[in-house]
Amino acid sequence: MPPVPISPVKVGHIDDVQELRKTKPRTIPQRFVRDMTERPTLSTTPLPPSNTHMPVIDFSKLTNGNKEEVLSEIFNLATACEEWGFFQVINHEIDLNLVERIENLSREFFMLPLEEKQKYPMAPGTVQGYGQAFVFSEDQKLDWCNMFALGLEPEYVRNPNLWPKKPERFSETVEEYSGKIRKLCYNLLKYIALGLDLKGDVFEKMFGVSVQAIRMNYYPPCSRPDLVLGLSPHSDGSALTVLQQAKGGPVGLQILKDNTWVPIQPIPNALVINIGDTIEVLTNGKYRSVEHRAVAHEEKDRLSIVTFFAPSYDVELGPMPEFVDENHPCKYRTYNHGEYSKHYVTNKLQGKKTLDFAKIQTKNTN
Ligand SMILES: COC(=O)C(/C=C/C1=C(C)CCCC1(C)C)=C/O[C@H]1C=C(C)C(=O)O1
Ligand SMILES: O=C(O)CCC(=O)C(=O)O
Ligand SMILES: [Fe+2]
């Protein structure tokens, strides 16, 4: 009898992008070359700042402002969530030394020899460890990116075998950083709730022990950034995502706004926050998770550190009654978040397609 395959997912050979880059290939391997319709726009003519500068939220005004400042910043936050689905947070109260340490350690991790990183392999069809996530077939195009991801909270999403021993203090720093980001997420959810005229603790109570995961994305330079994508277009399956872009990197994040891919100019020391699919469902689409992607750069590498913050897997979710009435019919069914997570991580990143899982299909009457 032939041996039983360990994983039914056949992904073919996945080149390690950093190693590939070292060989300075004259042509980009076909598996990374996108079809014409998917290739990125790397416009050299700058868009007006009103398009590329996503809203900025001053967190210190929310936590320490006078009554007027608090109310006005909650209003700005609500507008950012409704009109952009993305915003940058300044004065977030996370020690800049910690922000710098996690950045340096992440970079040191990616700079380790391949054999060291491969001690923590991302098995085909899974999302934790070192490798490339969301690849499910041999003919799927690959992203110009190496990833390292870890489940953090609750205990049931952790895989202790994937926590690296090198660089020194990496794991402790991930724990320290993630504790602070968790607090920031709970705080942001409180102000998002208040901006929606809900009780401040509604999401914290609803989410149970929230799921949290971290992913470091390393995008090496690419001789033909016009042919590849750093990260395929997707929305995040989380409630909130927190993105830290390493200092000195090129513009890489693009968000789909009014059908145009808009490059986002990083603000030094700010964190980028985006609304995930969970908040879209809970608000019945009032706040939407926005499709985004990353592009590569010809000369510069780029590093991003991403936290996904979501409800516990046992939570049942659906649109909250406050957002459903005769003018706003219910757009999503009620489902279990654990099942949504499973669906999300077992499908390739493809715009907002994953959310079809929850959408109530409306009949086409034409
Ligand atoms: C692009 O999105 C992701 O990589 C991602 C993965 C997160 C996860 C891990 C890296 C390990 C632990 C499980 C978990 C699925 C959270 C996105 O996370 C989103 C997607 C869902 C669903 C979610 O809850 O967060
Ligand atoms: O690197 C980036 O800017 C985007 C990362 C991202 O969207 C993700 O990891 O989900
Ligand atoms: Fe994302």
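Along the sequence shown, the residues carry numbers beginning at 1. Both counts, for ligands and for their atoms, begin at 1 and track the order of listing.
- Around atom 21 (C) of ligand 1, the closest heavy atom drawn from G151, S312, G237 belongs to G237.
- A side-chain donor-acceptor contact under 3.5 Å links S60 and D58.
- Shown in contact with H337 at under 4.0 Å from a heavy atom are these atoms of ligand 1, numbered in order with element: 24 (O).
- You'll find the side chain of P311 reaches within 4.5 Å of the side chain of L317, heavy atoms only.
- Side-chain contact check for Y340 and T278: no donor-acceptor pair (N or O, by modelled atom type) lies under 3.5 Å.
- Salt-bridge annotation for R34 and D226: absent, with no side-chain N of the basic residue lying under 4.0 Å from a carboxylate O of the acidic one.
- Closest heavy-atom approach to atom 15 (C) of ligand 1 among the candidates T354, L240, V345: V345.
- Residue Q128 has at least one heavy-atom neighbour below 4.0 Å for each of these atoms of ligand 1: 11 (C), 12 (C).
- Those atoms of ligand 1 that come under 4.0 Å of a heavy atom in V127, given as number and element, are 9 (C), 10 (C), 11 (C).
- At a threshold of 4.0 Å, the pair K352-E280 counts as salt-bridged, since one of the basic side-chain nitrogens sits closer than that to a carboxylate oxygen.
- Closest approach between the Fe ion (ligand 3) and any N/O/S atom of H292 involves NE2.
- The nearest heavy-atom contact from the protein to atom 6 (C) of ligand 2 is L231 CD2, 3.3 Å.
- When the options Y130, F109, F110, Y218 are evaluated for a ring pair (Phe, Tyr, Trp, His ring centres under 6.0 Å) with F148, the one that passes is F109.
- Summarising the contacts of atom 8 (C) of ligand 1 with A213, S232, G276, the nearest heavy atom is found in A213.
- Side-chain N/O atoms of R302 and Q245 include a donor and acceptor closer than 3.5 Å.
- Both the backbone and the side chain of S341 come within contact range of ligand 1, each with a heavy atom under 4.0 Å.
- At a 4.0 Å cut-off, at least one heavy atom of H234 sits close enough to ligand 2 to count as contact.
- For atom 3 (O) of ligand 2, the closest non-hydrogen atom of the protein is R302 NH2, 2.8 Å.
- Ring planes of H337 and Y313: tilted class, angle from 30 to 60°.
- D236 has its closest N, O or S atom to the Fe ion (ligand 3) at the position named OD1.
- Nearest-residue assignment for atom 7 (O) of ligand 2 (options M216, E291, H292; heavy-atom criterion): H292.
- At least one heavy atom of F134 sits less than 4.0 Å from an atom of ligand 1.
- The ring of H292 has its center closer than 6.0 angstrom to the ring center of F86.
- Between K166 and E115 there is no salt bridge, since no side-chain N of the basic residue sits under 4.0 Å from a carboxylate O of the acidic one.
- Protein heavy atom closest to atom 4 (C) of ligand 2, with residue, atom name and distance, is Y219 OH, 3.9 Å.
- Inclusion of R215 in the set of residues having an N or O under 3.5 Å from an N or O of ligand 2 is warranted.
- H343 does not count as a contact of ligand 1, since none of its heavy atoms falls under 4.0 Å from the ligand.
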*Kindly determine whether Y344 and D277 satisfy side chain to side chain contact (heavy atoms under 4.5 Å, CB included), including the steps that lead there.*
CA-CA 10 Å; Y344 189 94; D277 297 341; 4.1 Å; yes
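- If you check which protein heavy atom lies closest to atom 3 (C) of ligand 1, you get R215 NH1, 3.1 Å.
- The option from F308, Y344, F357, Y313 that lies nearest to atom 13 (C) of ligand 1, judged by heavy atoms, is Y313.
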